[in-house]
A.B. asks: 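Pasting a structure here, questions to come.
Numbering starts at 1 and runs along the sequence shown.
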Amino acid sequence: MNTPSPEILSSLTTLRDYIRWGASRFAEAKLVFGHGTATPLDEAAALVLHTLHLPYNLSEFYLQSALTPTERQAVTSVIEKRISERKPAAYLTHETIFAGLSFYVDERVLVPRSPIAELIEQRFAPWIEEDQVENILDLCTGSACIAIACAYAFPEAAVDAVDISADALEVAKINLDRHQLSGEVVLHQSDLFDAIPDVLYDIIVSNPPYVALKEWQQLPPEFRAEPEIGFVAGASGLDFVIRILAEAKDYLMPEGILVVEVGSSAETLQETFPNVPFYWLDFERGGDGVFLLNAEQVNDYHEIFISALN
């Protein structure tokens with residue numbers, strides 16, 4: 001880790017100075033973003049504020065506040081660590097925000113950043129009647145961010161959260177305890193639908209692995225720092241998505257919906273099933289590659305999905 005010279009440190013005094021300096025250092029080091037922040041300035045602000053135990057919506061009035069010597073050392077240390085280790089900032093702070101909620105994260109799970117958060121905040125309107133939702137299934141739950149956000153959005157619903165990774169479920173348990181939702185969200189270790197309750201769901205939502213192996217091998221270090229199991233889905237990137245499409249029929253209520261994020265594999269999925277009317281969702285805050293099918297559509301194209309498994 002490169003320690004800033006005393007001359008540099010002596011020239012930095014205020015909160016604004018350190019955020020600006022951090023942004024410059026990140027840009028100079030050509031870091032890659034995309035784990036909750038999009039620019040060097042946003043990332044620097046998030047890291048500095050977290051390190052100083054300040055809220056992310058801090059008033060600009062406080063940006064002129066001078067840092068103590070101890071605070072300066074803590075801030076410069078975390079900025080240099082972000083550069084030297086090339087890990088997502090959330091792995092350094094062990095916190096990220098999803099759907100307006102705070103979640104614990106570490107290297108056992110992907111950093112939550114799905115645009116599905118916006119859909120949950122809208123309670124999946126207009127595709128589902130909010131007061132009719134009784135059961136929700138979150139496949140490939142990871143940190144349980146989607147499951148927990150759904151529990152807040154639908155307080156009367158039961159939520160099952162599934163992951164094949166025991167490590168991920170340990171992180172999910174931490175978050176359930178933090179949000180005091182252990183009674184509302186039930187964790188299951190399962191390979192997709194293989195070991196889940198015999199329940200029909202109003203909403204099945206999933207952010208599964210969807211990156212092709214070759215694409216994964218070319219990702220920047222920040223993304224390679226995340227668990228491979230959360231990314232790689234075979235040569236096409238569709239191994240898990242096709243299984244979800246083929247098996248969801250037996251788990252959806254007649255008026256239920258299936259929502260799946262496929263990210264960079266969206267074009268490949270549409271080419272694989274050219275006749276399937278995937279509804280590609282738009283998001284005001286950005287993000288794409290999320291489709292929605294209703295139960296009738298899942299049933300209508302079931303044979304096509306099954307044949308793609310072979």
Side-chain angles (χ1 to χ4, degrees), residues 32 34-35 88 108-116 119 137-143 145-146 161-165 167-168 189-196 201 203-252 257-283 286-295 297-310:
V32 174
H35 294 86
R108 292 174 289 180
V109 295
L110 298 185
V111 178
R113 52 189 179 273
S114 172
I116 290 174
L119 190 62
L137 175 63
D138 173 23
L139 288 174
C140 308
T141 193
S143 63
C145 61
I146 287 177
V162 174
D163 208 289
I164 194 173
S165 167
D167 284 342
Q189 186 172 6
S190 176
D191 183 1
L192 297 181
F193 296 98
D194 286 357
I196 69 169
Y201 295 95
I203 300 170
I204 298 177
V205 57
S206 182
N207 180 12
Y210 56 71
V211 177
L213 178 59
K214 186 175 182 180
E215 181 184 355
W216 158 254
Q217 293 169 341
Q218 298 172 349
L219 288 175
E222 282 84 351
F223 292 93
R224 295 290 298 274
E226 296 181 281
E228 182 177 347
I229 191 175
F231 272 102
V232 179
S236 69
L238 296 179
D239 285 7
F240 296 98
V241 174
I242 291 175
R243 283 184 57 197
I244 292 170
L245 288 168
E247 298 173 21
K249 171 180 178 291
D250 296 329
Y251 298 91
L252 271 175
I257 58 172
L258 172 66
V259 177
V260 182
E261 178 172 348
V262 295
S264 57
S265 293
E267 184 176 349
T268 304
L269 180 66
Q270 193 68 77
E271 291 174 352
T272 303
F273 302 108
N275 296 321
V276 175
F278 295 107
Y279 185 86
W280 297 101
L281 297 164
D282 293 321
F283 299 96
D288 54 19
V290 179
F291 73 77
L292 183 148
L293 293 174
N294 61 37
Q297 293 167 327
V298 171
N299 291 340
D300 288 346
Y301 294 93
H302 178 65
E303 294 302 322
I304 293 176
F305 298 145
I306 289 290
S307 65
L309 288 175
N310 304 321

A.B. asks: Check the pair Asp191 / Arg243 against side-chain contact (heavy atoms from CB on, under 4.5 Å), numbers first and verdict last.
C.D. replies: CA-CA 10 Å; Asp191 183 1; Arg243 283 184 57 197; 2.9 Å; yes

A.B. asks: Would the number of heavy atoms belonging to other residues, nucleotides or ligands and lying under 6.0 Å from CD of Gln217 be above 12?
C.D. replies: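 Counting other residues, nucleotides and ligands, CD of Gln217 exceeds 12 neighbours.
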
A.B. asks: Just checking Tyr301 against Phe273, ring centres under 6.0 Å apart?
C.D. replies: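 No, ring centres 6.0 Å or more apart.
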
A.B. asks: Which class fits the ring pair Phe291 and Trp280: parallel under 30°, tilted 30 to 60°, perpendicular over 60°?
C.D. replies: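 Rings of Phe291 and Trp280: perpendicular, over 60°.
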
A.B. asks: Looking only at heavy atoms, which two atoms of Lys249 and Asn299 are closest? And how far apart?
C.D. replies: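 For Lys249 versus Asn299, the nearest heavy atoms are CG-OD1, 3.0 Å.
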
A.B. asks: Would one find more than 12 heavy atoms of other residues, nucleotides or ligands at under 6.0 Å from atom CG of Asp282?
C.D. replies: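 No - once you tally the heavy atoms of other residues, nucleotides and ligands closer than 6.0 Å, there are 12 at most.
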
A.B. asks: State whether the number of non-hydrogen atoms from other residues, nucleotides or ligands found under 6.0 Å of Asp288 atom CG is greater than 12.
C.D. replies: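 No.
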
A.B. asks: Between Thr141 and Val162, does a side-chain contact (heavy atoms from CB on, under 4.5 Å) hold up when you go through it step by step?
C.D. replies: CA-CA 6 Å; Thr141 193; Val162 174; 5.9 Å; no

A.B. asks: How long is the gap from CG on Leu252 to CD1 on Ile204, to the nearest 0.5 Å?
C.D. replies: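 Output value for this atom pair is 4.0 Å.
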
A.B. asks: Taking side chain as C-beta onward, heavy atoms only, is Leu139 less than 4.5 Å from Pro208?
C.D. replies: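 The answer is no; the side chains never approach within 4.5 Å.
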
A.B. asks: Taking the side chain as every heavy atom from C-beta outward, state whether Leu245 and Leu293 have any pair of such atoms under 4.5 Å apart.
C.D. replies: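 Heavy-atom side-chain distance check passes, below 4.5 Å.
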
A.B. asks: Do you know the tightest heavy-atom contact between Gln189 and Ala195?
C.D. replies: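 Closest pair (atom of Gln189, atom of Ala195, distance): O-CB, 4.1 Å.
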
A.B. asks: Which one of Val109, Leu110, Val111 satisfies the side chain to side chain contact (heavy atoms under 4.5 Å, CB included) criterion with Ser143?
C.D. replies: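 Of Val109, Leu110, Val111, side chain to side chain contact (heavy atoms under 4.5 Å, CB included) with Ser143 is met by Val109 alone.
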
A.B. asks: Using every non-hydrogen atom in the two residues, find where Ile242 and Ala308 come nearest and quote the distance to one decimal.
C.D. replies: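 Smallest heavy-atom distance, with atoms named: CG2-CB, 4.0 Å.
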
A.B. asks: In sequence, state the C-alpha distance, the side-chain angles, and the governing distance for Arg224 and Phe231, and then conclude on side-chain contact (heavy atoms from CB on, under 4.5 Å).
C.D. replies: CA-CA 9 Å; Arg224 295 290 298 274; Phe231 272 102; over 6 Å; no

A.B. asks: I'd like to know if Arg113 and Glu222 make a salt bridge, using a cut-off of under 4.0 Å between side-chain N and carboxylate O.
C.D. replies: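 No salt bridge links Arg113 with Glu222.
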
A.B. asks: Is there side-chain contact between Tyr279 and Ile257, with at least one heavy-atom pair below 4.5 Å?
C.D. replies: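 A side-chain contact under 4.5 Å is absent here.
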
A.B. asks: In sequence, state the C-alpha distance, the side-chain angles, and the governing distance for Leu192 and Cys140, and then conclude on side-chain contact (heavy atoms from CB on, under 4.5 Å).
C.D. replies: CA-CA 7 Å; Leu192 297 181; Cys140 308; 3.8 Å; yes

A.B. asks: Would you say Pro115 and Glu261 make side-chain contact, with heavy atoms under 4.5 Å?
C.D. replies: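 A side-chain contact under 4.5 Å exists here.
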
A.B. asks: Can you confirm whether Phe278 sits close enough to Val262 that some side-chain heavy atom of one is under 4.5 Å from a side-chain heavy atom of the other?
C.D. replies: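 Of all side-chain heavy-atom pairs linking Val262 with Phe278, none is under 4.5 Å.
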
A.B. asks: If I compare all heavy atoms of Ser165 with all of Ile229, which pair ends up nearest, and what's the gap?
C.D. replies: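 Looks like CB-CD1, 4.5 Å.
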
A.B. asks: Answer whether the closest heavy-atom distance between the side chains of Tyr251 and Ile196 falls below 4.5 Å.
C.D. replies: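 SC-SC contact between Tyr251 and Ile196 confirmed.
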
A.B. asks: Short question: side chain of Gln297, backbone of Asn294 - any donor-acceptor pair under 3.5 Å?
C.D. replies: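 The answer is yes, because a donor-acceptor pair under 3.5 Å joins these two groups.
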
A.B. asks: Between Phe305 and Ile244, is any pair of side-chain heavy atoms under 4.5 Å apart?
C.D. replies: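 Phe305 does not reach Ile244 side chain to side chain.
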
